[in-house]
Amino acid sequence: MSTAFSPISVDDLVAQIADGALLAVPADYSGAPMAATRALIRRGARNLRLVTVPQSTLQVDLLIGAGCVAEIETAAVTLGEFGVAPCFTRAVLAKTIKVIDATCPAIHAGLQASEKDVPFLPLRGILGSDLVKHRPDWKTIDNPMAAGGDPILLIPAIRPDVALFHAPMADREGNVWIGRRRELATIAHASKTTLVTVERLYDGSFFDEERLAAGALPAFYIQAVAVAERGATPVGLFGEYEPDLAHLRAYAKEARTEAGFAAYLAREVGTVKAAA
Amino acid sequence: MTDCKPEELLAATLAAQIPSVRHIAVGAASPIPAAAALLHQMRTTERVHVTILHSRRYNSFTDGGRELFDAAAQGRIDVFFLGGVQIDGEANINLVGLGTYPDLTQRFPGSFGAPYMTFVVPNVILFREEHSPRTLVTKVDFVTAPGWSPDGVWRRGGPKALVTGRAVMAFDATRRRFRLASVHPGETADGVQDATGFAFDMPDAVPTTPVPDKATLGLLRGPIAAKLREFYPDFADRVFPVPA
């Protein structure tokens, strides 16, 4: 038996994301897989159903603007300090994508339900929000553990087909180091397939170093790893590099028009493969 | 009057709404609440924990994105700030869009954690710089987070106050109504009423919001501006420019 693994190319990695897949992606503070996202756009991905964990910024805006997305479950899409996410906003208003509005703890809870392979998790709060009216898949029940008269919301399990994120490093056994960004572990645990890009390879095993082991995601959750140096740029990567603020500021301005977004895509992402 | 920027007045005013607590948390896109939380921390003699989600230094969670919500669910977070593109007279907030959902005429980023935090955190402070009939409305188009809940629905906390660019209002969840607490320097009670789209209680005498003193401004412009620069660089550069 061998524990050795071989990284693959970023293009081969994103080839494993089928059109129409339910794809989970992290927030911008948690390893946004930007190099893989650009490759996914170039490969001409279509009809992706995104789940943001729990919100997103540039990554999702690019996928939507490039026409890769059919629907998105999210707690928010925004460029943060730089304003609205222009492609997301345009697509929602034009109804070219379907938005399934959620709230951060509900997305975390749905993934946690899948970690346990149970059909739902209950959450306090949220009752009386209009979100509940528009989420027929969220059910309010009377707490069966109480004497009665205690309504509580059930959040169904979220089981993504694919999780895709960027992390600082993978070791020689294919374990991936995520540090304290434990939501990446949750996404991987909950998803059928996990694809990861990393800054670099670590010569050894994280499990030989107790301090690294605590932040490791075991290889048995991970189907493939590709090396993509500065693979979260222009979004930053925890502990590694900061966001490119000038780039993000310029994007917020340029992508305000469809022509501006097309120019950005041609310049920063490259040629998109024509639909087959 | 001390020469003070609107953002400094608002940070000091938000800080004044923070009671004696153990843990203040600040969510996404909230530079002024972040400044207020840090100001409270620097001025109190009590041990108080400040979490600022978009900071590395002020974010000590080690169990993933859910930990904030799980900690809040257990009552381990005492104060949280929520904005609202629209806020109505019953302290409902809208972070989703304008129009009849899902047929929106305008789309905002989304609900974030608001529908949850407003239930589990004892002291929610609502904050919106723009105080106009456009933002403070009779009824929000979409209830992202309800300001109150009917009897029988579990709820630990909710909105206690609303701070805007013109005034401070206190919220009474049992009466589902705001009461004007103070108007900022240069504002009048009548002016605030004209700028507000919902009805609220008006006391006989309306005090003026205190302007931050020299020591407070020194903290905001010095150590707090330096801390904010880590996670809100654009805000820090705009409000607290580094002298050339």
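Since the model is a prediction, treat every value here as computed from it, not as a measurement. Every chain is numbered from 1 and lettered A, B, ... according to where its sequence line falls, protein lines coming before strand lines.
- Neither the backbone nor the side chain of A:L111 has a heavy atom closer than 4.5 Å to any heavy atom of chain B.
- For A:K98, no part lies near chain B; criterion is any non-hydrogen pair under 4.5 Å.
- In this structure, the side chains of B:T196 and B:M169 come closer than 4.5 Å at one or more pairs of heavy atoms.
- Rounded to the nearest 0.5 Å, atoms CG (B:L98) and CZ (B:R107) are 11.0 Å apart.
- In this structure, the portion of A:F82 lying under 4.5 Å from any heavy atom of chain B is its side chain and not its backbone.
- Aromatic ring pairs are classed by plane angle as parallel below 30°, tilted from 30° to 60° and perpendicular above 60°; the pair B:Y58 and B:F231 is perpendicular.
- The 12-atom threshold is exceeded at CZ of A:R159, counting heavy atoms of other residues, nucleotides or ligands nearer than 6.0 Å.
- Using a 4.0 Å cut-off between a side-chain N of Lys or Arg and a carboxylate O of Asp or Glu, B:D172 and B:R179 do not qualify as a salt bridge.
- The aromatic rings of B:F69 and B:Y116 sit perpendicular, their planes meeting at an angle over 60°, well past the 30° parallel limit.
- B:F119 carries B:R155 over the face of its six-membered ring, with the cationic atom under 6.0 Å from the centre and within 45° of the normal.
- Taking chain B as the reference chain and counting heavy-atom pairs below 4.5 Å, the highest number among A:C104, A:A102, A:A109 is found for A:C104.
- With B:T164 as the fixed residue, the side chain to side chain donor-acceptor pair (under 3.5 Å) test singles out one of B:E129, B:E130, B:H131, B:R128: B:H131.
- Chosen from A:L184, A:D101, A:I152, A:L153, the residue pairing most often with chain B at heavy-atom distances under 4.5 Å is A:D101.
- Looking at A:V99, the atoms closer than 4.5 Å to chain B (heavy atoms on both sides) sit in the backbone and in the side chain alike.
- Of the charged side-chain nitrogens involved, at least one lies within less than 4.0 Å of a carboxylate oxygen, so that B:R56 and A:E242 count as a salt-bridged pair.
- With contacts defined as side-chain heavy-atom distances shorter than 4.5 Å, the pair A:F165/A:L217 qualifies.
- When heavy atoms are compared at a cutoff of 4.5 Å, A:V92 approaches chain B solely by way of its side chain, counted from C-beta outward.
- The contact list for residues 59-75 of chain A toward chain B, using heavy atoms and a distance under 4.5 Å, reads A:A75 by residue number.
- Interface remark: of the candidates A:K133, A:H134, A:K95, A:R249, A:H134 forms the most heavy-atom pairs closer than 4.5 Å to chain B.
- Looking only at heavy-atom pairs under 4.5 Å with chain B, the residue among A:R182, A:E183, A:Q112, A:E81 that has the most is A:E81.
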